[in-house]
Amino acid sequence: MAQQHPKVPFRTTGSTLLHPISVAVGLPLDQVNFVACQLIALLAAFWFRLYLSPNHTSFTVRHTVAILLGIYFAIFCFGWYSLHIFILVLSCYFILNKASITNIHRYSFIAAVGYLTLCQISRVYIFDYWLLSTDFSGPLMIITQKVTTLAFQVHDGIGKKAEDLTAEQKQLAVKERPSFLEYLSYNLNFLSILAGPCSNFKDYIAFIEGRHVQMKLLEVNWKLKGYSKLPEPSPVGAIIRKLLLTLVCLVLFLTFSKNFPFMYCVDERFMNEFSFWSRVTYIHISLQFLKPKYYIAWTLADVANNAAGYGFSGVDQNGNFHWDLISNINVWKIETATSFKMYIDNWNIQTAAWLKRVCYDRAPKYPTALTFILSAVWHGVYPGYYFTFITAIPIILAARVMRNNFRHCFLSSEKRKVVYDIITWIVTQMAVCYTVTPFVLLAVDPTIKYYKSMYFHFHILSILVLLLLPSRPRKSIHQYYQNEGMKNFNNNKKEQ
């Protein structure tokens, strides 16, 4: 008798064309549609770069093709739900052109985040809490980043004086309102509509107009390197490396994720019969095999952009070309992170950059807290998101205090530095697992159950660190280095 396939969720408003494949591979149809569109986007990106090159194709044609493909992918994946994407894009374009320049960023931010939140509430509380409806919120989250990024950059370019801007804000400022075609292309292009990433408007327009790579190359004096003309960097090497990473992540995810179900961490037997360190170890392993699905989505999106000729970030000191301008992850730095900050700086990189540019750099007070709160609101309305980001606040602050107080004590020798790195790597992995578990659990009850089984240890330790240790100013650390340097200098003189 033929083996029957397991029942696969079939609740979708998108296309059902690939439902037989969904049943065959045992994955939800929404995920199959997403992967199929990303692979088609990759193929279309090669065609876009080779046959619609800005050298022999008008900017208007490139914009139009990017928009039409993006709209098709949105409708294929989300059906009528894609209307939410189009409504938000058109509403914010109206604000961009009709609102006063002094308030354009505020109105765009309120409209985008407000509409995103309403849509997320409808998904979570109108539909069944655990049986998720078609998740159109992902593209809507990317659109929210884009329309707010553009609004702030237009406000900086038109509504503020250059001396009132930071160096980065000055560089990214947009000096005039974009045309309707440019606006739609930036927000709805097929390269980023499904999984992002959000990039800066000026970078995207430079890519469409064929100036993107040249702008980065002109930062280097090629004549000193023996070149008679500008080189032509190829993205093929970067594409191959990223596709190999995607393949490895896919194998890991399909092989191990089902063997370490994450919800087992709140199972009564698991919490009662296993020791504390066994539970910590299991949660770490389980999360390790959940991460590859994010690696796959973000890396595929990055590959599609690179294949189209977008994402060139410049040349390093060794003359190597890099294609990571809009990369969303750095897997090596994530897996070897020795601080919570280093971890989140390399996870969902473009979202972190967006949060920095629209919130952290502009908040008059409490930038860290406000940035984490905005991140929670942007992610959605599941309580687990708020547990995660609120928990992260004292952990980040405590980690900063610990670093300021103790790191310099381990820098006197290479062996001590290695010991410090090992300890901080272990603590970072534990802290990340502790913090992001509610993000996966989503609901209140399992989150509280989990924290009780962990004895709220990171909450308690973080608060104790903040209460008991001084927040040493960086000046005192620099003074330490100066004193150590003077001691070494005097010792050398005595030896002479």
Check the surroundings of atom CE in M402: do more than 12 heavy atoms from other residues, nucleotides or ligands lie under 6.0 Å from it? no

Would N189 and Y204 count as a side chain to side chain contact (heavy atoms under 4.5 Å, CB included) if you check the C-alpha gap in whole Å, the side-chain angles of each, and the deciding distance to 0.1 Å? CA-CA 10 Å; N189 70 83; Y204 178 77; 3.3 Å; yes

Nearest heavy-atom neighbours spanning Q429 and E335: NE2-O, 3.9 Å

Taking it one step at a time, do Y115 and S91 satisfy side chain to side chain contact (heavy atoms under 4.5 Å, CB included)? CA-CA 10 Å; Y115 192 80; S91 300; over 6 Å; no

Using only heavy-atom distances, determine whether the side chains of S327 and W298 contain a donor-acceptor pair under 3.5 Å. no

Using side chain to side chain donor-acceptor pair (under 3.5 Å), reason through T391 and Y451 one step at a time and then give a plain yes or no. CA-CA 11 Å; T391 298; Y451 277 147; 3.2 Å; yes

Smallest separation among heavy atoms of G196 and N305, with atom names: O-ND2, 4.2 Å

Looking only at side chains, do S257 and K293 share a donor and an acceptor under 3.5 Å apart? no

Is it true that atom OH of Y366 has more than 12 heavy atoms of other residues, nucleotides or ligands lying nearer than 6.0 Å? no

Going by heavy atoms in the side chains, are P438 and Y385 under 4.5 Å from each other? no

Tell me, do E209 and I205 make a side-chain contact under 4.5 Å, heavy atoms counted? yes

Does the side chain of F201 reach to within under 4.5 Å of the side chain of V154, using non-hydrogen atoms? no

How long is the gap from CG on N187 to CD on E182, to the nearest 0.5 Å? 12.0 Å

Exceeds 12 heavy-atom contacts within 6.0 angstrom, atom OH of Y72: no

Under a 3.5 Å threshold, yes or no: a donor from one side chain and an acceptor from the other, between T299 and D302? no

Check: H379/Y386 side-chain N/O donor and acceptor closer than 3.5 Å: no

Assess whether side chain to side chain contact (heavy atoms under 4.5 Å, CB included) is satisfied between T368 and R400, documenting all intermediate values. CA-CA 12 Å; T368 299; R400 189 178 299 166; 3.9 Å; yes

Sidechain-backbone polar pair: N346 side chain, N330 backbone, donor-acceptor under 3.5 Å: no

What is the ring orientation for H459 with Y434, classed by angle as parallel under 30°, tilted 30 to 60°, or perpendicular over 60°? perpendicular

Q350-Q145 side chain donor-acceptor pair, cut-off 3.5 Å: no

Criterion side chain to side chain donor-acceptor pair (under 3.5 Å) on S199 and K146, from CA distance to verdict: CA-CA 7 Å; S199 60; K146 289 185 176 183; over 6 Å; no

Check the pair H155, K160 against side chain to side chain contact (heavy atoms under 4.5 Å, CB included), reporting the backbone distance first and the verdict last. CA-CA 7 Å; H155 171 71; K160 296 183 76 173; 3.5 Å; yes

With no hydrogens and no angle check, just 3.5 Å: does a side-chain donor-acceptor pair link S313 and D324? yes

Taking the ring centre of each residue, are F48 and F190 less than 6.0 Å apart? yes

Per the side chain to side chain contact (heavy atoms under 4.5 Å, CB included) rule, which among I334, V248, T246 passes with Y295? I334

Parallel, tilted or perpendicular: rings of F270 and Y264 (30°, 60°): tilted

Are there over 12 heavy-atom neighbours, none belonging to E168, within less than 6.0 Å of that residue's CD? yes

Check whether any side-chain N or O of S375 sits under 3.5 Å from a backbone N or O of T371 as a donor-acceptor pair, and report yes or no. no

Looking only at non-hydrogen atoms, find the nearest pair between P292 and L252 and report the distance. CG-CB, 4.5 Å

Flag side-chain contact, heavy atom, 4.5 Å: Y343 against T338: no

Taking the side chain as every heavy atom from C-beta outward, state whether L42 and L243 have any atom pair closer than 4.5 Å. yes

Charged tip of R62 within 45° of F207 ring normal and under 6.0 Å: yes

Are there more than 12 heavy atoms of other residues, nucleotides or ligands under 6.0 Å from atom CZ of R362? yes

Side-chain heavy atoms of Y93 within contact of L184, under 4.5 Å: no

When the ring planes of F389 and F372 are compared, do they come out parallel, tilted or perpendicular, using 30° and 60° as the limits? tilted

Under a 4.5 Å cut-off applied to non-hydrogen side-chain atoms, are F152 and Q169 in contact? no

Do K291 and I329 make a side-chain contact, defined as non-hydrogen atoms from C-beta onward lying under 4.5 Å apart? no

Y310 ring center within less than 6.0 Å of H212 ring center: yes

Just checking Y294: does its OH atom have more than 12 heavy atoms from other residues, nucleotides or ligands closer to it than 6.0 angstrom? no

Considering all heavy atoms of both residues, which atom of I396 and which atom of K341 are nearest to each other, and what is their separation? CD1-N, 4.2 Å

Which atoms form the tightest heavy-atom contact between L191 and A304, and what is the distance? CD2-O, 3.6 Å

Is it the case that more than 12 heavy atoms not belonging to Y107 sit under 6.0 Å from its OH atom? no

